[in-house]
Amino acid sequence: AVNDTNEQQGQTMLDLVEYYHAFYELYGRKVRLVNFEGTGIATDEVAARADAALIAEQYEPFAVLGGPALTSAFGDELAARGIMCIGCTPGQPTEFYAERDPLVWSLGTSSAQGQTHVVEFVTKQLVGKNAEHAGEEFRDQPRRFGYLYLDSSGAAADLAQEFADAMEAAGAPFAETVVYALDPATIQATASQAISKMKSAGVTTIVFSGDPVAPRDFTREATAQEYFPEWVVAGSTLVDTNAFSRTYDQQQWQHAFGVTFGAVRTDTNLVGSYALYKWFNGTEPPAPGRLPVMAPNPALFFAVLQGVGPNLTHETWRDALFAGTGTRQAISQPFLSWGDKEYWPYTDYHGVDDATIFWWDAEATGPDELRKEGQGMWQYVDGGTRYLPGQWPTEERLFDPEGAEDFYTVPPPGEEPPSYPSPAG
């Protein structure tokens, strides 16, 4: 139920830029932000390339923040024209970013990195055990995995095969794999076919890697077919939010758990982009629903812009980003770093490096990410403790309320933000 208009989103971004102008050292520069309204939906490659070409020719910008979420065409076209972009593609193979260095950047986790975390979690906590968190018909059966994923780009099939190979090597081969397209006109029929295939293959545990809208149809269809497997969330963007998860069939979603790259939530009136906006402006943001999604891109851009110094090029921007040791490791926020780090065997063009474990509590009540009270909350194991590759625990604590945390009313100890007088009074 986010109904922020494009105009409200644009104004919110302009206001964010003013915050950075006020407090960051930009060496005499002033960033001119131009809001551009895309002409196609998130999967439209033709519109994405046309938009990128128009932006390049009409504005000749140094950088673009954001872009279509389900096609790499936008970022590819910008890079071909020598323009840097941040958060402008879905997850792509590492080679995609290396070939376009220093022009395409991500704040999230790459598909390969996400798969590394998921495979380690599955290997250490799920493989070789019964599907004890599924419906009654599966609880005494050995886990039999299925894979349901979104065709988000031309690289999706290759990435899915790499994941399948890694799962098989871990002793958890997929008994069935189903790919789907994000098409509102066909998703219901797709859901019916996908669930039928999973059920026929005897899948007890569906690993889901997709968008946050489709699970509504998949879970409703599973209940209609009286099929109640475990649902493993494999780092799927926004599926790990209370706001979206409350829209899924709760008879199904009570069996959901998995890996998230987001952090256990803390009161947005105290920390994060919403609190920062109100502190600086003294008012509610024009687009409060979209703000948490929009805020990360300028946060990264301006932080590195300050770190570059007076000699700004795309290459010096990259060098400043790579030189950083990363953000502070914590419970209430992900750990982000870029470049050649010990966590990955390749140059990292993505931000988030760690992840945590969570499970869905269909009975719990509290606020969602839009500050709306409701029923259903993600519970974070061990208070939201986060793990880098190689650090995942072997003890499984899914659906164990002891030590689990769904919402911090105050920041965890040692993670409280500093207190400064508000410029708005």
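This chain uses plain numbering: 1 for the first residue, then up along the sequence.
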List for me each residue that meets salt bridge (Lys or Arg N to Asp or Glu O under 4.0 Å) alongside [X], sequence neighbours excluded, and say none if there are none.
X	value
R216	none
E221	none
E369	R265
R371	none

* **Flag if over 12 foreign heavy atoms under 6.0 Å of CD, E168** => no
* Whether over 12 other heavy atoms sit under 6.0 Å from E373 CD -> yes
Quick one: ring pair (Phe, Tyr, Trp, His ring centres under 6.0 Å) partners of [X], sequence neighbours excluded?
X	result
Y19	F23, F280
F138	Y227
F36	none
W338	none

* Thinking salt bridges, do R81 and E77 make one under a 4.0 Å N-O criterion? -> yes
Okay, side chain of [X], backbone of [Y]: is any donor-acceptor separation there less than 3.5 Å?
X	Y	result
E120	H117	no
D353	S337	yes
E415	S332	yes
T356	T385	yes
R139	A131	no

* Asked: Going by atom types only, do W253 and S245 share a side-chain donor-acceptor pair under 3.5 Å?
  -> yes
* Would you check if there is a donor-acceptor pair between the side chains of T409 and D267 at a distance under 3.5 Å? => no
* From CA spacing to verdict: side-chain contact (heavy atoms from CB on, under 4.5 Å), R386, V352 -> CA-CA 11 Å; R386 304 184 65 80; V352 178; 4.2 Å; yes
* Specify whether Y180 and F218 have parallel, tilted or perpendicular ring planes, treating 30° as the upper limit for parallel and 60° as the lower limit for perpendicular. => perpendicular
* Asked: Would you call the rings of W105 and W317 parallel, tilted or perpendicular, where under 30° means parallel and over 60° means perpendicular?
  -> tilted
* What's the verdict on side-chain contact (heavy atoms from CB on, under 4.5 Å) for Y346 and Y97, showing C-alpha distance, side-chain angles and the deciding distance? -> CA-CA 11 Å; Y346 41 74; Y97 302 91; over 6 Å; no
In chain order, what residues pass the side-chain contact (heavy atoms from CB on, under 4.5 Å) check against [X], with sequence neighbours excluded?
X	answer
E7	T5
V34	R32, Y59
A48	P68, T71, A73, F74

* For the pair T223 and Q251, evaluate side-chain contact (heavy atoms from CB on, under 4.5 Å) and give the outcome as yes or no after the intermediate values. => CA-CA 7 Å; T223 295; Q251 293 183 74; 3.6 Å; yes
* Atom pair CD/CD of Q193 and Q188 - distance to nearest 0.5 Å -> 11.5 Å
* To do: Could you check V31 against F302 for side-chain contact (heavy atoms from CB on, under 4.5 Å), going step by step and ending with a plain yes or no?
  => CA-CA 9 Å; V31 171; F302 278 94; 3.6 Å; yes
Side-chain atoms of residues 283-301: list all donor-acceptor pairs with protein atoms under 3.5 Å, sequence neighbours left out, distances to 0.1 Å.
residue	atom	partner	partner atom	Å
E284	OE1	Y274	OH	2.5
E284	OE2	Y274	OH	3.4
R290	NE	Q9	OE1	3.2

* To do: Report yes if the distance between the aromatic ring centroids of W378 and W359 is under 6.0 Å, otherwise no.
  => no
* Run the ring-centre check on F174 versus F163 and record whether the distance is less than 6.0 Å. => yes
* **Smallest separation among heavy atoms of L103 and H314, with atom names** => CD2-ND1, 3.6 Å
